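Note sheet for the following structure.
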Amino acid sequence: MNNQEVARILNALADGLEVQGENLYKVLAYRKAATSVHDLGRDINDVARAGELRTIQGVGEAIAQKLESLLATGSFDLWDRVQREVPAGVLEILHIPDVGPRRAKLLWEHGVTSPAELAEAARQGKLRALPGMGEKIEARILANIELVARRPDRIPLGVALPLAEELLDVLRHVKGVRRVEAGGSLRRRQATIGDIDLLVASADAAPVMDAFVAFPQVAAVIARGPTKCAVQLHNGRQVDLRVLPPAQWGTLLQYFTGSKEHGIHLREFALSKGLSLSDNSFKVVKTGREIFVAEEEDVYARLGLPWIPPELREDRGEIEAAQAGELPDLVELHDLKGDLQMHTVFSDGKATVAEMADGAVRRKLKYIAITDHSQSLGVAGGMSPERLAEQRVEIEAVNARLGAKLRVLAGVEVEILKDGTLDYPDELLAGLDLVIASLHTGLRQPREQVTRRMVSAIRNLHVDIIAHPTGRLLPDRDPADLDMDAVLTAAAETGTIMEINADWHRLDLDDVYVRRAIELGVRLEISTDAHRADGIGDLGYGVSMARRGWATAEAIVNTLPLSRFLKSMKGGRHAQRVIL
DNA sequence: GCCGTTTTCGGCCCGACTGTTTTCAGTCG
């Protein structure tokens with residue numbers, strides 16, 4: 001059982017207990033433990049074997065015992081009981097908007113135990129008769145059942161960010177508006193986004209709200225008050241808007257950037273200093289005096305903390321690090337000097353070597369690697385050794401033309417075959433400037449097998465980089481079932497570089513593995529995997545993922561100048577070779 | 001159920017909005 005499955009069970013248990021009316025703090029404890037396990041970065045089975053379950057945040061004696069049973073036998077007593085007592089469909093109902101634990105319980109008591117039964121009851125007008133419910137709730141619930149069925153859970157960052165920018169651009173120009181920003185998971189640059197949160201500073205909220213609900217993308221207004229407004233777009237996505245006067249911008253932005261866990265922790269920390277923190281202001285608990293804060297930096301400063309970058313705000317130790325003055329100096333986009341994975345018309349790219357190189361110059365990069373696919377990947381136009389040799393001639397011509405402006409490395413993205421060998425012979429790989437290896441097939445192999453393939457590629461002296469290590473695709477394709485600690489440990493031992501793939505469909509490694517890789521001493525790089533020249537512009541998504549994993553510039557090898565990067569490569573393979 | 005530069009027991013973040021209500025419960029983020 002992997003971390004995600006364990007987290008899913010803990011969350012389902014929390015749902016079940018909540019519907020049963022169990023103590024809310026107990027429910028909260030299970031959810032917190034679920035989040036910790038989900039974001040652990042280590043295999044929970046390894047942690048259990050090492051007897052270190054109690055070191056996980058939010059896991060105490062009781063939950064540790066339950067986890068031990070869960071990992072050993074596949075279940076534990078309380079989970080068995082809750083599954084027996086609460087129908088699975090009731091938990092599904094709980095995930096429909098406007099249905100919380102109280103209503104789910106109420107519906108269950110009236111014989112409604114699945115979304116289908118709930119929809120039927122709503123259509124027959126039976127819900128309005130229940131206490132605390134009426135026609136409006138009934139209609140909303142019916143609409144929400146359909147919404148949940150047709151809308152994907154979350155959308156990729158690369159879809160949500162441009163959409164949010166488009167909306168913000170309009171709001172920015174409304175009269176009286178001083179500042180606009182996207183908050184929530186978008187500002188924290190999570191790989192996928194649920195709802196979009198927009199924040200505005202303006203003395204007058206009404207015109208902002210008017211402009212907001214008038215967007216052509218808006219299908220329905222869910223809620224509208226004096227400071228807060230929520231709408232649903234035609235694509236099913238919810239967008240929340242909050243407007244406060246500029247004097248309160250600091251607390252507003254801090255509050256709605258989240259994460260929820262970071263916010264709760266920070267507000268607890270504030271209370272320990274005698275301050276109650278909300279989106280509106282600080283309040284001095286003793287006197288009730290209210291303090292407005294216009295800048296987010298000053299929210300943290302008033303608590304004696306340095307400003308914490310949004311990407312770190314997941315309650316994964318950043319508040320403690322801030323207290324200790326040990327926040328990492330995170331890598332930034334302008335630190336990157338090269339892009340080490342991209343494709344051209346020699347395989348499945350849309351641009352020539354020259355076009356990609358010119359694109360890189362426009363982005364102010366100093367070096368790139370052309371890394372088209374190897375022969376066996378037929379669907380992506382994999383290259384024969386002869387084609388590879390032809391490409392090399394073209395690369396040299398571009399290098400001659402660009403001179404000191406840009407250095408183009410001749411590389412390849414070589415397939416790791418089903419038996420763990422590589423798609424080109426070692427002699428051929430030895431002649432290239434850079435070798436990236438990756439998995440595109442057999443991603444669903446059993447854990448041991450796929451891990452063994454990956455580790456054997458890592459142990460090949462000619463493999464410099466492993467690209468998109470887990471093979472996940474957002475939002476739908478799960479990562480391969482790799483033993484990532486084994487993979488990362490092998491990478492650390494051999495000096496093999498792990499890629500942070502900046503394509504927003506991938507963002508792989510993700511933040512959790514980036515952080516684990518750094519802990520284990522693995523060298524990392526950020527590349528776009530671009531298939532057209534403007535794809536190089538996506539480097540920023542990879543930087544965001546690296547920052548979420550607490551990466552400094554020192555942790556990322558393509559922040560190095562080319563000569564130092566080449567010298568640092570595996571086994572000193574370039575030390576004996578003249579390349580510049 | 002967790003946890004401790006207020007606490008090993010008694011706390012556990014904070015507020016907006018809606019709908020069904022004559023003062024508040026439920027949901028959400």
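So you know, we letter chains A, B, ... as the sequences are listed, proteins then strands, and number each from 1. Here the structure is a predicted model, which is why all the values come from computation and not from measurement.
The residue A:E135 sits close only to the backbone: its heavy atoms come under 4.0 Å of sugar-phosphate atoms, none of a base. Within the nucleic acid shown, A:K283 comes within 4.0 Å of sugar-phosphate atoms alone, with no base atom in reach, counting heavy atoms only. Backbone-only contact: A:P226 has heavy atoms under 4.0 Å from sugar-phosphate atoms and none from a base. Residue A:K273 is out of contact with every strand shown, counting any heavy-atom pair closer than 4.0 Å.
In summary, A:K136 and A:D98 do not engage in a salt bridge, as defined by a charged side-chain N under 4.0 Å from a carboxylate O.
Remark: P of B:dT20 and CD1 of A:I137 are 6 Å apart, rounded to the nearest angstrom. A:L24 places its CG atom 14 Å from the C1' atom of B:dC14, with the value rounded to the nearest Å. We find that CG of A:L130 is positioned 15 Å from C1' of B:dA25, with the value rounded to whole Å. As a whole-Å value, the separation of A:R188 CZ from B:dG29 P is 13 Å.
Inspection of the A:N45 and A:D43 side chains reveals an N or O donor paired with an N or O acceptor under 3.5 Å.
Annotation: proximity of residues 25-38 of chain A to DNA chain B (heavy atom, distance under 4.0 Å) is found for A:Y25, A:K26, A:A29, A:Y30, numbered in ascending order. DNA chain B lies under 4.0 Å from no heavy atom of any residue of residues 118-129 of chain A.
A sub-4.0 Å separation between OP1 or OP2 of B:dG26 and a side-chain N or O of A:R102 is present.
Annotation: the span from A:L277 atom CG to A:F269 atom CZ amounts to 11.5 Å, rounded to 0.5 Å.
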